[in-house]
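All ligand and atom numbering here is 1-based and tracks the order in the structure.
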Amino acid sequence: MKAELQEIASQFALEGAITAIDSLGEGFINDTFIVRTAGDAPDYILQRKNKSIFPDVPAMMENIRKVTDHIRRRVAAAGGDPRREAMTVVATRDGKLYHVDAQGEYWAVSVFISDTIAYNKADSPELARKGGEGIGKFQAQLADFTEPLAETIKGFHNIRHRFVQWDEALRRDAAGRVKDLAEEIGWIESRRDEMLSFWSKVEDGTIPTRVTHNDTKINNVMLDEDTDHAVCVIDLDTVMPGLVLYDFGDMVRTVTPPTEEDEEDLDKVRMRMPMFQSIVEGYLTAAHGFLTQAEIDQLAFSGKLITLEIGIRFLTDYLEGDVYFKTERERHNLHRARTQLKLVESMEQQMPEMEECIR
Ligand code: GN1
Ligand code: MG
C-alpha cells in the first residue's frame with residue numbers, strides 16, 4: 001500500500017520530496033492521507049474520493065476549483081493570506097484536478113494548512129463562536145459567487161427526498177431490521193409533516209438558494225493553533241447550491257452537544273444553550289450583511305432540521321445494511337441515529353429560548 005500511495009502522490013505537482021504518507025482523519029466517506037515532505041515545502045492532503053457516493057468526481061473537483069479560486073480572490077482583495085485562508089487544490093503534473101489509478105479509483109490532493117487544528121467537538125463557547133464565525137465568513141465570501149455549480153449529490157439536503165429514501169428503505173427492509181425499530185420509526189413519522197411544511201418554503205423560493213458547503217461539522221473548520229481563529233473551511237466535496245441553513249444547522253448539530261455524534265449514553269446528549277448563543281454571535285458577526293429576514297427566521301429551526309435529516313440518513317443506512325457511511329462497530333449507524341434523535345428532542349425542549357436568542 002505504501003508504495004502504491006507513493007506512486008499515486010507522485011502523480012501530483014508537489015513541492016519537495018515525500019518523506020512519509022500516513023492515514024489521517026475521521027471521514028465517513030473518503031480515505032484520507034497526509035503526505036509529508038522535506039524542508040520548507042508544504043505537507044499535503046491526499047484523498048481517495050468515494051466514487052460510489054460521488055458519481056461525478058471530475059464535476060465535484062471542478063466545483064471545488066471554482067469556489068476556492070473565488071475565495072482566494074476575495075482573501076487577496078481583503079489583504080489576507082490566500083495560502084492559509086483558502087483551500088488550495090494541487091493539480092496533477094499534467095494539469096488535471098484528479099488522478100485515476102489503475103483500479104479506476106479517483107484521487108485528489110490539496111495543501112495542508114500548517115499550524116492549524118480541527119476539533120471533533122467544541123468544549124468552550126469561545127470555540128463555538130470561532131466555528132460560527134468560520135462558517136459565516138465562508139458564506140460571506142461566496143455571497144457574490146455567480147458561476148454555475150454541479151449538484152454533485154442529488155437532493156443532498158432535500159428533506160422531501162430523504163423521506164422518499166427512508167420510505168423505500170422501510171419497504172425494502174434489506175437487512176431485516178425494521179422489526180427492531182418501532183420506536184425510532186414512530187418518532188420520525190411524528191415529525192414528517194413539520195419537515196415537509198418547512199420544505200415548501202424552499203420550493204416556493206421564500207428561502208433563497210445560494211452556494212453552501214453542506215458538511216460543516218466542526219471538524220471541517222481549521223482553526224489557528226495559537227489563536228483558535230477560524231482560518232479556513234475544508235472538505236469542500238459537497239460544495240454546491242444549498243441553503244445557508246444547512247451550514248448553520250450542521251454547526252449547531254456538531255457544536256452544541258457535549259458528546260460526539262455516536263455517543264451511546266443518551267443521557268449525556270443535549271443541546272447546550274450557551275454554545276448555541278456563541279455560534280449565533282460568531283455566525284451573525286460574519287454573515288449579517290447578506291442574510292435575508294426569511295433566513296434569519298429559520299436559523300433556530302435549522303439545527304433541528306439538519307440533526308433530524310442526518311438522523312434519518314443514519315437510520316436509513318442502518319436499514320439498508322450499512323452501505324453508505326463507514327462503520328466501526330456493530331449497530332454503529334443505529335447509535336449515531338439515536339444520538340441525533342435525542343439531540344433533536346433537546347432542541348425541541350429549548351426551541352423558544354433558541355428563537356429568542358436569534359431575535
Ligand atoms: C459525512 O465523511 P464526512 O464526515 O466528511 C457525510 C455528511 C454527514 C457526515 C456525518 C458526502 O461526512 O453529510 O453529515 O458524514 N458526507 C456525505 O458525520 O454524505
Ligand atoms: Mg469531513
Under 3.5 Å: N/O of Asp235 near N/O of ligand 1: yes
Contacting atoms of ligand 1, where contact means under 4.0 angstrom from a heavy atom of Phe54: 11 (C)
Side-chain donor-acceptor contact under 3.5 Å, Gln340 with Thr307: no
Short N or O distance, Tyr324 and ligand 1, threshold 3.5 Å exclusive: yes
Worked verdict on Lys130 versus Asp228 for salt bridge (Lys or Arg N to Asp or Glu O under 4.0 Å): CA-CA 7 Å; Lys130 304 293 187 204; Asp228 266 353; over 6 Å; no
Min N/O separation Lys217 to ligand 1 under 3.5 Å: yes
Side chain, backbone, both or neither: the part of Ile310 lying under 4.0 Å from ligand 1 by heavy atom: side chain
Heavy atom of Arg253, distance to ligand 1 below 4.0 Å: yes
Expected output: side-chain Arg84 to main-chain Ser114 donor-acceptor under 3.5 Å: yes
Within the 6.0 Å centroid threshold, strictly below: Phe12 and Tyr44: no
Candidate with minimal heavy-atom separation from atom 3 (P) of ligand 1, of Asp215, Thr152, Asn219, Asp262: Asp215
Interfacing atoms of ligand 1 (cut-off 4.0 Å, heavy-atom, Glu261): 10 (C), 18 (O)
Polar atom proximity, Phe28 to ligand 1 (N or O, under 3.5 Å): yes
Arg171/Asp173 salt bridge by N-O under 4.0 Å criterion: no
Same apolar cluster (I L V M F W Y, side chains within < 4.5 Å links), Met240/Tyr106: yes
Within-shell test, Arg313 vs ligand 1, heavy atom, strictly < 4.0 Å: yes
Charged N-O contact under 4.0 Å between Asp262 and Arg336: no
